[in-house]
Amino acid sequence: MVPPLQRFSLFEFCQRAQELLAPEHDRAEFIKFVLCGICNGGQVVIDPYQDVLQDHHPIQVTRDYDSLLGFEKDIIVETDMTVTPVSRHADTLTKSIHLNIEIPDPSDPGKFFTVPAHRVPNVDIGKWEGRNSVRAFFPLLWSRNRSSPILSQEEHTVFYEMGLKPAIDFLEQETGLASEWPPKYTDELFRARTTKGQLVFQTKVLRKKSVRRLGSVLRKSFKFNKVRWASGMIFMHQVQGVKAATMYNPDDYNHEDGLPDPILRAFLERNHISWNRMRHGKWFIDVAIEVKSMIKESLQWRSDSHSRLSGAALQLTDEQAVSVTALGSHHYVRDVVSHLPAVAGCRIDPGAHTYAKEAGRSAKFMTCKQALALRPGKSSRFCDGLYELYTNASQGHPSNARFEVRVPHQFAEKVLQNFDKGVLQSSLFAFDTVVWWSIRSYRVLAIKYVLMAQANSSARSRSFYGSLLLTAGCVWLANSLHCRPDDQNASRDLMGCLFPHTARAGADKNTLAYPRGSLEDVSGGSDDEDRPQTLPYHPYGMFFLVKFTHERGHSPRLDMQHIDRLPIKSFLFFFGVKFADVGLYYFHNGPRGVNTARVTNKAKVTPRFYHNEPEALPDVFNIAALGTVGNPTPIDDGLDLEESDIPEPEGTLDNALSMIWRQFFVDLVVKSPNQRGAKNPSYLKMPLEDRLTATDAIFKSKDLAKYWVIFSWRMAESKEWDRAFDHLWPPKNYQPVGNTQNYKNCIYYKKWADLLTRLTDADAKKIRKEVRVKMNELMWWPNAQQDRIWCTRTDDRYTIADSGAPQDRPAPQLLVRF
């Protein structure tokens, strides 16, 4: 039976929430009203359209120039610049700026394809005016297999010693300033490391005269030193604008056609960029209008206004505007605000963004680990902080509505001029500022109460699946109050558990929880029977959860009778462990969190390699091609193995050896060492679920920092490399001497020894030779010793990786060959 619907404005919703906080009401009643919309047995429907902006509402519209991005073959900064001999990894562009770089197509000379700029290897060169920066991009270093745009240590060395340092020597030969620069890259690394192991890189001031020539001289240095990957180098100039610095009222400003815009020119001059020199590259400027209520109400964009706004701003036809803002379009993303689907900004790529400019925007977020770590009687610091933030914002901090367009610089003077105020007024809500922020305050307060009630319940009650789902739901809701709701795969699975469902066929796209990627069948585009026939949606004007149980003394939880469980990968995404392990990891001896960044390596037997795909894996080896090696003799039924270690049928020798090879990498990462102290994370960054699927790709990667928190490394000599191989893959009938660590617990090691004993001596040598060939394809492996796989003791011959750690501390020793 459908409960009766009760329509509430935002003001009425806040008023009722405040009433339910009174002592005579049960807290569970408040929670279910705010998070589920349940009121006196009826279902609340939120109607923001009672607060649309009225025609007579006084507003002020301002226009400004924000950030500037430009790609040039030379550096065109017209002032002194602070240059870093060795740049920080943190200054590398790794986040999307929604712009692409052309990459030469190696298979078709003369043709290019585009790659997002943040995926192209780049390095920070220097800064000017504090926040503005210049980065060098190297298109020829990009490859589909490259995992990070950060230059490797070898590439950094080449960049400095064959490019930047020779260029500085040439530019500053008259002043003698070049002598202050370190001769070698490693010299600066040594100088930068403090006695406590911290890295403090120095900066050098480059004169305006030298800055203007730096790009061309740097290019010549690379060419002279035959650094091929530096061919095609381009420079990205990034100006981090300050909105208020160029803000003006377009109604009070008459810009004559054909004359330069003095405000734009002033913006460029203030940042020492020459308009004339910009014409040779590709430059983009963010131009914005901002709408402010003159009676201090909070303005928000209406979700149904995006086509009108984009049409007016980008000068599109009605048909084009509707198409570009269609839900499900890969170019359009809707950013729901305050859990209200009717209230949303948007992003249209390339080019236009709408959002509300609000006080106290934060990039902080909450995790399920933090939620489950709450102790009885304790409150969530994250929720407390958000509640205080929203409460403070309600005291005279209205939100303004902002519309930004990123355009090529030649269009910057004309875009968003004379914007139709009628379009703006028909596109906005105007909420009482106290009400607007109170919506968020009450939501985060209800989330806090749920998490506290769970923390006060028993470990067993908290471990119920429905309770864990509600925990993840509260975390997701809290994070989506102050930033765009996450709708990646795991979150989509979670939303399928949290919200009511509607039939896929004929669903209203505007109410769906995640329109993008879920609309094929809505439009009749697919008849795949494997697709779910229902989708989560928001029919009541707010992100209202399905009803959940909240009984005194028990952990609040979702009713699992009508809810499917999360896929394993999604559960791991939120909790870091499988459901069966939640109690062990989070509630050992009561509701206490443990260090999930630390993976235990204490096990009687290592776990098996995990392959979660329907297709069988191909054999790694082709021993049959050798022509003389026979299959091993049958397994002795009396082999002393743990029950979980009894081998599956091995089939051919290639099957058996391939299984051992794949198990080898799982065993290496599972047995990798941990730092001392239970509160410290593992040296290896990989969570347990990733270790169970480890492959040789990890050991073929040169990006060691991707996998290790800290490590020490040494360029392996041939005898060291061979000695480590002999320990990892010993010959037939090898008998270890003395006490050994790791080896005896590894499945691969037992299976390897067993396999060799079932081969002739000659065949065993041939097999071992084939394994050596495969091992020599790896870029690194542990400095294996006779008594242990992993050695962590301090050794002056090994270099601690560039991570701020002191050189005299323990770290896993890696032998590298790159």
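Counting begins at 1 with the first residue of the sequence.
In this structure, the ring of His501 has its center no less than 6.0 angstrom from the ring center of Tyr537. For Phe267 and Trp275, the ring centers sit 6.0 Å or farther from each other. Not less than 6.0 angstrom separates the ring centroid of His409 from the ring centroid of Tyr65. Close placement of the Tyr49 and Phe429 rings is indicated, their centers lying within 6.0 Å of each other. Taking the ring centroids of Trp437 and His397, they lie at or beyond the 6.0 Å cut-off. Aromatic pair Phe13/Phe33: ring centres closer than 6.0 Å.
To the nearest 0.5 angstrom, Ser67 atom OG is 7.0 Å from Gln238 atom CD. In this structure, Gln6 CD and Arg16 CZ are separated by 9.0 Å, a value rounded to the nearest 0.5 Å. Taken from NE2 in His339 to CG in Leu545, the straight-line distance is 9.0 Å, to the nearest 0.5 Å. To the nearest 0.5 Å, atom OG of residue Ser380 and atom CD of residue Gln370 are 7.5 Å apart. Rounding to the nearest 0.5 Å places CD1 of Ile76 at 6.0 Å from CZ of Arg277. Atom CG of Asp508 and atom CG of Asn510 lie 5.0 Å apart (nearest 0.5 Å).
Looking at Val239 and Trp128, their side chains come closer than 4.5 Å, going by heavy atoms from C-beta outward. For the pair Phe544/Pro500, no side-chain contact is recorded, criterion being any heavy-atom separation below 4.5 Å from C-beta on. Put simply, the side chain of Val77 reaches to within 4.5 Å of the side chain of Val134, judged on heavy atoms. Contact check for Val211 versus Thr79: no side-chain heavy atoms found under the 4.5 Å cut-off. For the pair Leu512 and Pro536, the minimum side-chain heavy-atom distance is 4.5 Å or more. The closest side-chain heavy-atom distance from Ser427 to Leu424 is not below 4.5 Å. Using a 4.5 Å heavy-atom threshold, the side chains of Val52 and Gln54 count as touching. Counting only heavy atoms from C-beta outward, the side chains of Leu428 and His57 never approach each other to under 4.5 Å.
The aromatic rings of His306 and Tyr332 sit perpendicular to each other, their planes meeting at more than 60°, with 30° as the lower class boundary. Relative orientation of the Phe431 and Trp436 rings is parallel, given thresholds of 30° and 60° on the angle between their planes. Ring orientation note: the planes of Tyr449 and Phe30 are nearly perpendicular, at an angle over 60° on the 30°/60° scale.
Paired with His237 under the rule ring pair (Phe, Tyr, Trp, His ring centres under 6.0 Å), one option of Phe137, Trp283, Phe71 passes, and it is Trp283. Among Glu297, Gln300, Lys292, the one residue that satisfies the side-chain hydrogen bond (donor to acceptor under 3.5 Å, both in side chains) test with Ser399 is Gln300. Tested against Thr433, the residues Ser298, Ser293, Ser438 include a single side-chain hydrogen bond (donor to acceptor under 3.5 Å, both in side chains) partner, Ser298.
For the residue pair Tyr387 and Ser441, the shortest heavy atom distance occurs at CD1-O, 3.5 Å. Across all non-hydrogen atoms, the minimal contact from Phe235 to Ile125 is CE2-CD1, 3.6 Å. Taking both residues in full, the closest heavy atoms of Val287 and Leu416 are given as O-CD1, 3.6 Å, listed atom of the first, atom of the second, then distance. Between Cys39 and Val44, the shortest heavy-atom distance links the atoms CB-CG2, 3.8 Å. For the pair Pro149 and Thr94, the tightest heavy-atom approach, listed with the atom from each and the gap, is CG-CG2, 3.8 Å. Here the closest heavy-atom approach between residue Ile295 and residue Pro58 is recorded as CG2-CG, 3.8 Å.
Under a cut-off of 6.0 angstrom, the local environment of CG in Asn276 is crowded, with over 12 non-hydrogen atoms contributed by other residues, nucleotides or ligands. The environment of Phe573 atom CZ is sparse: at most 12 non-hydrogen atoms of other residues, nucleotides or ligands sit within 6.0 angstrom. Applying the 6.0 Å contact sphere to CD of Gln315 captures no more than 12 heavy atoms from other residues, nucleotides or ligands. Within a 6.0 Å sphere centred on CG of Asp304, other residues, nucleotides and ligands contribute more than 12 heavy atoms. At most 12 non-hydrogen atoms from other residues, nucleotides or ligands lie less than 6.0 angstrom from CZ of Arg119. Enclosure of atom CD in Gln50 by more than 12 non-hydrogen atoms of other residues, nucleotides or ligands within 6.0 angstrom is indicated.
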(message) Could you go through Arg443 and Met542, starting from their C-alpha distance and side-chain angles, then the distance that decides it, and tell me whether this counts as side chain to side chain contact (heavy atoms under 4.5 Å, CB included)?
(response) CA-CA 11 Å; Arg443 295 284 278 185; Met542 184 177 272; 3.5 Å; yes
(request) Dump the intermediate steps for side chain to side chain contact (heavy atoms under 4.5 Å, CB included) on Phe284 and Val407, then the final yes or no. (result) CA-CA 5 Å; Phe284 301 86; Val407 296; over 6 Å; no
(message) Under the criterion salt bridge (Lys or Arg N to Asp or Glu O under 4.0 Å), I'd like the reasoning laid out for Arg381 against Asp384: C-alpha separation, chi angles, the key distance, then a yes or no.
(response) CA-CA 5 Å; Arg381 294 177 60 185; Asp384 286 341; over 6 Å; no
(request) For the pair Glu129 and His272, evaluate side chain to side chain donor-acceptor pair (under 3.5 Å) and give the outcome as yes or no after the intermediate values. (result) CA-CA 9 Å; Glu129 292 297 318; His272 305 282; 3.0 Å; yes
(request) Go through the steps for Arg265 and Glu413 under the test salt bridge (Lys or Arg N to Asp or Glu O under 4.0 Å), then give the verdict. (result) CA-CA 10 Å; Arg265 293 299 192 273; Glu413 295 176 315; 3.3 Å; yes
(message) Please determine whether salt bridge (Lys or Arg N to Asp or Glu O under 4.0 Å) holds for the pair Lys208 and Asp80, giving the CA-CA distance in whole Å, both sets of side-chain angles, and the decisive distance to 0.1 Å.
(response) CA-CA 4 Å; Lys208 173 182 175 181; Asp80 296 349; over 6 Å; no
(message) Test side chain to side chain contact (heavy atoms under 4.5 Å, CB included) on Asp487 and Met495; report intermediate values, then the result.
(response) CA-CA 9 Å; Asp487 63 353; Met495 284 187 269; 4.0 Å; yes
(request) Please test Asp124 against Arg88 for salt bridge (Lys or Arg N to Asp or Glu O under 4.0 Å), starting from the C-alpha separation and ending with a verdict. (result) CA-CA 8 Å; Asp124 181 72; Arg88 301 185 310 152; over 6 Å; no
(message) Would Phe403 and Val291 count as a side chain to side chain contact (heavy atoms under 4.5 Å, CB included) here? Give the steps.
(response) CA-CA 9 Å; Phe403 188 101; Val291 189; over 6 Å; no
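Cation-pi check for Arg440 over Tyr390 is met; the charged atom lies under 6.0 angstrom from the ring centroid and within 45 degrees of its normal.
For Asp486, the side chain to side chain donor-acceptor pair (under 3.5 Å) partners at least two apart in sequence or on another chain are Ser491. Legend: residues meeting side chain to side chain donor-acceptor pair (under 3.5 Å) with Glu269, ordered by chain and number and at least two apart, are absent.
Of the charged side-chain nitrogens involved, none lies within less than 4.0 Å of a carboxylate oxygen, so that Asp55 and Lys421 do not count as a salt-bridged pair.
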